[in-house]
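All remarks here apply to the structure that follows.
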Amino acid sequence: MSSNNPGFATLAVHAGAQPDPTTGARITPIYQTTAYVFQDSDHAAALFGLKQFGNIYTRIMNPTQAVLEERVAALEGGTAALAVASGHAAQMLVFHTIMQPGDNFVAARKLYGGSINQFGHAFKNFGWQGRWADPADPESFAAEIDDKTRGIFIESLANPGGTFVDIAAIAAVARKHGLPLIVDNTMASPYLIRPLEHGADIVVHSLTKFLGGHGNSMGGIIVDGGTFDWSKSGNYPMLSAPRPEYGGVVLHETFGNFAFAIACRVLGLRDLGPAIAPMNAFLILTGIETLPLRMQRHCDNAMKVATWLSKHDKIAWVNYAGLDSDPNHALQTRYSPKGAGSVFTFGIKGGLEAGKALVGGLTLFSHLANIGDTRSLIIHPASTTHAQLTEEQQIAAGAGPDVVRLSIGIEDPEDIIGDLEQSLAGI
Ligand SMILES: *Cc1c(COP(=O)(O)O)cnc(C)c1O
């Protein structure tokens, strides 16, 4: 890249990648290998002792993965990143790095249903407690914090309700209590929101969604903002205490403002193992090249569909922050002026049964549990993604029994609306 300060679309195509030095291949190759030959024994010892950077084994790093990491770190404005097998694996490694058994963290109550399950069930087996707060009320996070709290977790744009969160206000609470703010930026993508600019310390993504963008590969990523002082409180021994795994090295001391990404890799990924497949890293990297184009089209299409639905007499309500009348509109224009995202919910008159009939009558939309595909997708969260939750949790998560969720694709908007129109006509 010739420019010293390349723009977002340029970074999306180029960041982290060069033509392959051996073959001249212009596209980053799929390095489909498990291991890498050492130059000699000293080289091997230096790599294993964290004295030198280099490839050892694909559970820990891979050259295709490395380009993906550099690209997403550049797009988010972070110091470094770690790509892993899924969004959930990214979350697991983040908490593995900051939590000890008996510690807790405070999370927004409005989250992806899978994250509510992970925090409320699986994490209990590690002795980590997830506590809940209201993302619309920053002080409700403060009320849950005690001397065992190690972090705050929110989504910048909450799934499935499509609700924007006042990131800076929650970051202020985190800063006041000396805690890192972790933001799941999956739904917005860095094209719409860059949480590190609003006070977040760590960003996580499910790459499976908008970054990959084509519904063809699982992946997750952790972006280190380089902003948090891991040594100050003594509460983060993975970063601030000598690590017996590496001859007593103190990661924060040695790696400074990218120590968190290093810790997630050399303590978390190395020992817990959720590595991303090189093929998936390649597909996601290819997807990212068109992120700015796709994301704008997703937003523009979603705005047209939401506007159309809001005037339809069989629709009870539409919850899309892009609509002037939406209570979340002011936060959307402040945090995400380019658009309100692709995912939103609405309520159909006639409730559960009418919702099922609507889903059943569609032909262009796919009925499935995913978001962020090029294709338009539909789901009834209460019977699928959020089915494991109690009705109270479903309503709190914006996924009550009457709610239908759309993830608007990049097809022609007339065709998306036409499909909804013909199905609604049959109800
Ligand atoms: C899908 C999703 C996740 C989990 O990611 P996986 O790649 O499915 O593990 C986490 N957060 C949000 C907001 C998601 O949409």
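Residues: numbered from 1 along the sequence shown. Order of listing sets the numbers, starting from 1, for every ligand and every atom in it.
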Would you say the ring centroid of [X] lies under 6.0 angstrom from that of [Y]?
X: Trp128; Y: Phe105; value: no
X: Phe48; Y: Tyr246; value: no
X: Phe282; Y: Tyr31; value: no

Identify the residue among His298, Arg294, Gln296, Lys338 that makes a side chain to side chain donor-acceptor pair (under 3.5 Å) with Tyr191.
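Exactly one candidate clears the test, Gln296.
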Any ring-ring contact (aromatic ring centres under 6.0 Å, His included) involving residues 333-376? Give me the pairs, sequence neighbours left out, ordered by first then second residue.
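Residue pairs with at least one partner in residues 333-376: His198-Tyr335, Tyr320-Phe344.
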Distances only, to 0.1 Å: what are the N or O pairs between ligand 1 and the protein that fall under 3.5 Å?
from	atom 1	to	atom 2	distance (Å)
ligand 1	5 (O)	Ser206	OG	3.1
ligand 1	7 (O)	Gly87	N	2.8
ligand 1	7 (O)	Ser206	OG	2.7
ligand 1	7 (O)	Thr208	OG1	2.7
ligand 1	9 (O)	Gly87	N	3.1
ligand 1	9 (O)	His88	N	2.9
ligand 1	11 (N)	Asp184	OD2	2.6
ligand 1	15 (O)	Asn159	ND2	3.1
ligand 1	15 (O)	Lys209	NZ	2.7

Near Lys349 NZ, under 6.0 Å, is it more than 12 heavy atoms from other residues, nucleotides or ligands?
yes
